[in-house]
Amino acid sequence: MTASTTRRTTAARSRIAAVGAIAVAGALLLTGCGDQTEGSGGSDTKESGKTNSAPLFDKLPKDIQNAGVLKAGTNAEYAPMEFQEGGKIVGVDPDIAAALGEKLGVKVEFTSGNFDGLITALNSGRYDIAMSSITDNKQRQEGLDDKGKKLGPGVDFVDYFVAGTAVYVQKGNPKGINSIEDLCGQPAAVQRGTTYEKALQDQSKKCTAAGKKAIKIQPFENDTEAQTRVKSGGAVAGVNDYPVAVDLVRKADNGNAFEIVGEQVDAGPFGIAVTKENKQLTEALEAAVNAIIEDGTYKKILAKWGAETGAIDKAVVNGGK
């Protein structure tokens with residue numbers, strides 16, 4: 001989905017791509033909270049405490065052990081990574097989070113909100129983690145905006161997936177767009193605050209440097225609005241994280257609405273965001289990601305959602321550039 005969170009750049013996701021985790025699929029309950037959607041789910045563990053038998057429970061900070069819950073922020077509008085279906089938050093990230101919860105011995109509770117506010121909410125203490133196809137990059141790690149200005153303390157990332165930026169167009173490609181370079185002087189739709197919005201901004205600069213017209217970037221609050229703009233012909237193309245674009249092309253109007261053009265570019269990692277001061281939680285999550293990779297759960301989850309191209313071999317902390 002890829003915040004100055006990269007689903008996603010400064011707030012960006014990369015929805016690349018990040019910012020939430022979940023426990024057992026089907027156990028997520030949603031409750032309204034203003035314009036937020038909350039849910040919780042998890043494995044059937046006993047009350048948190050010293051007797052918890054989960055293999056990585058002892059690695060967690062004491063406050064999370066005592067609570068028995070890991071609070072996660074997400075933006076559940078980014079199929080197949082995280083989205084709402086039948087009143088539940090489902091997708092790649094929720095399933096991975098469920099598996100992590102099994103290893104850690106705690107429930108993971110998701111709250112869905114605006115993507116570009118996830119890291120700010122994380123640093124304010126609202127969440128323990130943000131997991132929402134957030135691209136791990138130096139800008140987010142250091143809390144910088146697009147111009148290098150310090151906005152906040154930054155976050156650490158536990159990388160668990162890799163994705164690049166894809167360009168999608170109306171089915172049949174009526175405007176003959178073959179790559180992101182063909183968007184010079186053209187209107188292009190994108191979700192605001194994502195790494196792929198930054199990809200459009202960077203390409204627009206290249207256009208003007210080459211004596212061509214700038215891209216007419218149309219940023220929207222959510223990805224659905226950007227897709228609608230492309231479908232209606234108001235934009236010649238949209239950009240998104242590659243796995244999200246693939247899912248969109250496959251499902252929208254039964255595969256008759258969009259197609260992807262060119263290859264994915266600027267591939268980078270999605271990471272689970274954790275505050276800088278919570279090093280113990282970062283280490284626990286790193287161990288949990290490696291554990292589900294080693295026991296095969298990780299690849300089964302990706303295969304379920306058709307996201308195998310984003311698989312990694314080992315978790316990395318702050319691997320983004």
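Along the sequence shown, residues carry numbers from 1. In what follows, every heavy atom counts, from backbone to side chain, and hydrogens, waters and symmetry copies are set aside.
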Colleague: Give, for atom CG of D136 and atom CZ of F157, the distance between the pair rounded to the nearest 0.5 Å.
Modeller: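 If we round to the nearest 0.5 Å, D136:CG and F157:CZ are 5.0 Å apart.
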
Colleague: Working to the nearest 0.5 angstrom, can you tell me the gap between Q84 CD and S112 OG?
Modeller: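 The CD atom of Q84 sits 5.5 Å away from the OG atom of S112.
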
Colleague: Would you confirm whether T120, through its side chain, and G117, through its main-chain N or O, come within 3.5 Å as a donor-acceptor pair?
Modeller: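 A pair under 3.5 Å: no.
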
Colleague: Below 4.0 angstrom, N of the basic side chain to O of the carboxylate: do D145 and K150 qualify?
Modeller: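 Salt bridge: no.
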
Colleague: Give a yes or no answer on whether the side chain of T208 reaches the backbone of A214 with a donor-acceptor pair at less than 3.5 Å.
Modeller: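 No, because the side chain of T208 does not come within donor-acceptor range (under 3.5 Å) of the backbone of A214.
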
Colleague: Minimum heavy-atom separation for K216 and G185, please, with both atom names.
Modeller: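 The pair with the smallest heavy-atom distance is CE-O, 3.5 Å.
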
Colleague: Are any of the side-chain nitrogens in D202 or K206 under 4.0 Å away from the carboxylate oxygens of its partner?
Modeller: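 Salt bridge flag = no for K206 with D202.
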
Colleague: Any side-chain heavy-atom pair from I177 and L183 closer than 4.5 angstrom?
Modeller: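 SC-SC contact between I177 and L183 confirmed.
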
Colleague: Specify the closest pair of heavy atoms between Q203 and I215, including all atoms of both residues, with the distance to one decimal.
Modeller: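 The pair with the smallest heavy-atom distance is CG-CD1, 3.8 Å.
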
Colleague: Decide whether Y298 and V316 are clustered together by the hydrophobic rule: side chain heavy atoms of Ile, Leu, Val, Met, Phe, Trp, Tyr closer than 4.5 Å, transitively.
Modeller: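 Different hydrophobic clusters.
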
Colleague: Quick one: are T275 and L122 in side-chain contact, heavy atoms under 4.5 Å?
Modeller: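 A side-chain contact under 4.5 Å exists here.
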
Colleague: Which atoms form the tightest heavy-atom contact between G306 and E308, and what is the distance?
Modeller: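 Smallest interatomic distance, heavy atoms only, reads C-OE1, 3.2 Å.
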
Colleague: Any luck finding a side-chain donor-acceptor pair between E259 and Y168 under 3.5 Å?
Modeller: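 There is no such pair (donor and acceptor under 3.5 Å, judged by atom type) between the side chains of E259 and Y168.
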
Colleague: Measure across P80 and V244 and return the closest heavy-atom pair with its distance rounded to 0.1 Å.
Modeller: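 The pair with the smallest heavy-atom distance is CD-CA, 3.9 Å.
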
Colleague: Please find the pair of heavy atoms, one from A315 and one from I293, that lie closest to each other, and give the distance.
Modeller: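 Taking A315 first and I293 second, the nearest heavy atoms are N-CD1, 4.1 Å.
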
Colleague: Report yes if the side chains of K149 and L144 come closer than 4.5 Å at any heavy-atom pair, otherwise no.
Modeller: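 No - every pair of side-chain heavy atoms lies 4.5 Å or more apart.
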
Colleague: Using a strict cut-off of less than 4.0 Å between a Lys/Arg side-chain nitrogen and an Asp/Glu carboxylate oxygen, indicate whether D182 and K175 qualify as a salt bridge.
Modeller: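 So D182 does not pair with K175 through a salt bridge.
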
Colleague: Given E221 and R192, is the side-chain contact (heavy atoms from CB on, under 4.5 Å) satisfied, shown in steps?
Modeller: CA-CA 6 Å; E221 188 64 34; R192 183 180 293 112; 3.2 Å; yes

Colleague: Hey, quick one: are V190 and V261 part of the same hydrophobic cluster, counting side-chain heavy atoms closer than 4.5 Å, chains of contacts allowed?
Modeller: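 Yes, V190 and V261 fall within the same hydrophobic cluster.
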
Colleague: Rounded to the nearest 0.5 Å, how far apart are CG of D128 and CD1 of I272?
Modeller: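 Separation between the atoms: 12.5 Å.
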
Colleague: Drop me the distance from T194's OG1 to F220's CZ, to the nearest 0.5 angstrom.
Modeller: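 Here the rounded value is 12.5 Å.
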
Colleague: Just how far is it from atom NZ of K231 to atom CG of L248, taken to the nearest 0.5 Å?
Modeller: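 One finds 9.5 Å between NZ of K231 and CG of L248.
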
Colleague: For I260 and V167: C-alpha separation, side-chain torsions, deciding distance, then whether side-chain contact (heavy atoms from CB on, under 4.5 Å) applies.
Modeller: CA-CA 6 Å; I260 292 174; V167 177; over 6 Å; no

Colleague: Would you say P61 and N278 make side-chain contact, with heavy atoms under 4.5 Å?
Modeller: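 The answer is yes, as the side chains (C-beta and beyond) meet within the 4.5 Å cut-off.
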
Colleague: Can you tell me if S204 uses its side chain to pair, donor with acceptor, with the backbone of L200 under 3.5 Å?
Modeller: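 Answer holds: no.
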
Colleague: Start with the C-alpha distance between V69 and I64, add both sets of side-chain angles, then the distance that settles side-chain contact (heavy atoms from CB on, under 4.5 Å), and finish with yes or no.
Modeller: CA-CA 6 Å; V69 170; I64 294 177; over 6 Å; no

Colleague: Is the shortest distance from a Lys or Arg side-chain nitrogen in K279 or D156 to a carboxylate oxygen in the other one below 4.0 Å?
Modeller: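 Result for this pair is yes, salt bridge flagged.
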
Colleague: For N114 and N75: C-alpha separation, side-chain torsions, deciding distance, then whether side chain to side chain donor-acceptor pair (under 3.5 Å) applies.
Modeller: CA-CA 6 Å; N114 292 334; N75 176 234; 5.4 Å; no

Colleague: Looking at L100, I301, T297, which one forms a side chain to side chain contact (heavy atoms under 4.5 Å, CB included) with D95?
Modeller: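 Exactly one pass, corresponding to I301.
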
Colleague: Counting only N and O atoms by type, is there a donor-acceptor contact under 3.5 Å from the side chain of N52 to the main-chain atoms of G105?
Modeller: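 Present.
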
Colleague: Is any side-chain heavy atom of T74 closer than 4.5 Å to a side-chain heavy atom of T111?
Modeller: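 No; the side chains remain at least 4.5 Å from each other.
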
Colleague: Look at the side chain of S124 and the backbone N and O of A121, then say whether any donor-acceptor pair between them is shorter than 3.5 Å.
Modeller: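 Looks like yes, one N/O pair under 3.5 Å.
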
Colleague: Does any part of the side chain of S132, heavy atoms only, come nearer than 4.5 Å to the side chain of M81, both counted from C-beta?
Modeller: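 When only atoms from C-beta onward are counted, S132 and M81 do not touch, as no gap falls below 4.5 Å.
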
Colleague: Is the side chain of Q65 donor-acceptor paired with the backbone N or O of F57 at a distance under 3.5 Å, no angle test?
Modeller: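 Indeed, once roles are kept as given, a pair shorter than 3.5 Å links the two residues.
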
Colleague: Quick one: closest heavy-atom pair of G319 and D159, and the distance?
Modeller: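 Looking at all heavy atoms of both residues, the shortest contact is N-OD2, 3.0 Å.
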
Colleague: For G164, does its backbone N or O pair with a side-chain atom of Q264 as donor and acceptor, under 3.5 Å?
Modeller: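 Confirmed, Q264 side chain pairs with G164 backbone.
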
Colleague: Does the side chain of L60 reach to within under 4.5 Å of the side chain of Q280, using non-hydrogen atoms?
Modeller: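 In short, these two side chains do not touch, never coming nearer than 4.5 Å.
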
Colleague: Taking side chain as C-beta onward, heavy atoms only, is T309 less than 4.5 Å from P243?
Modeller: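 No, too far: nothing below the 4.5 Å cut-off.
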
Colleague: Take K171 and D253 through the test salt bridge (Lys or Arg N to Asp or Glu O under 4.0 Å) and record every step on the way to the result.
Modeller: CA-CA 10 Å; K171 190 76 170 184; D253 292 351; over 6 Å; no

Colleague: Step through the shown structure and confirm whether more than 12 heavy atoms of other residues, nucleotides or ligands are within 6.0 Å of NZ on K276.
Modeller: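 Enclosed.
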
Colleague: Assess whether atom CG of D313 is packed by more than 12 heavy atoms of other residues, nucleotides or ligands within 6.0 Å.
Modeller: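 Counting other residues, nucleotides and ligands, CG of D313 stays at 12 neighbours or fewer.
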
Colleague: Between K251 and D247, is the salt bridge (Lys or Arg N to Asp or Glu O under 4.0 Å) condition met? List the steps.
Modeller: CA-CA 6 Å; K251 293 181 178 178; D247 190 73; 3.4 Å; yes

Colleague: Can you tell me how far apart CG (L285) and CG (L70) are? Round to the nearest 0.5 Å.
Modeller: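 Rounded to the nearest 0.5 Å, the CG-CG separation comes to 6.5 Å.
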
Colleague: Before giving the answer on side-chain contact (heavy atoms from CB on, under 4.5 Å), spell out for R229 and Q218 the whole-Å C-alpha distance, their side-chain angles and the decisive distance to 0.1 Å.
Modeller: CA-CA 9 Å; R229 189 68 170 175; Q218 301 177 354; 2.9 Å; yes

Colleague: I need the single residue from W305, F161, F83, Y160 that forms a side chain to side chain contact (heavy atoms under 4.5 Å, CB included) with D93. Which is it?
Modeller: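 Only one option passes, and that is Y160.
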
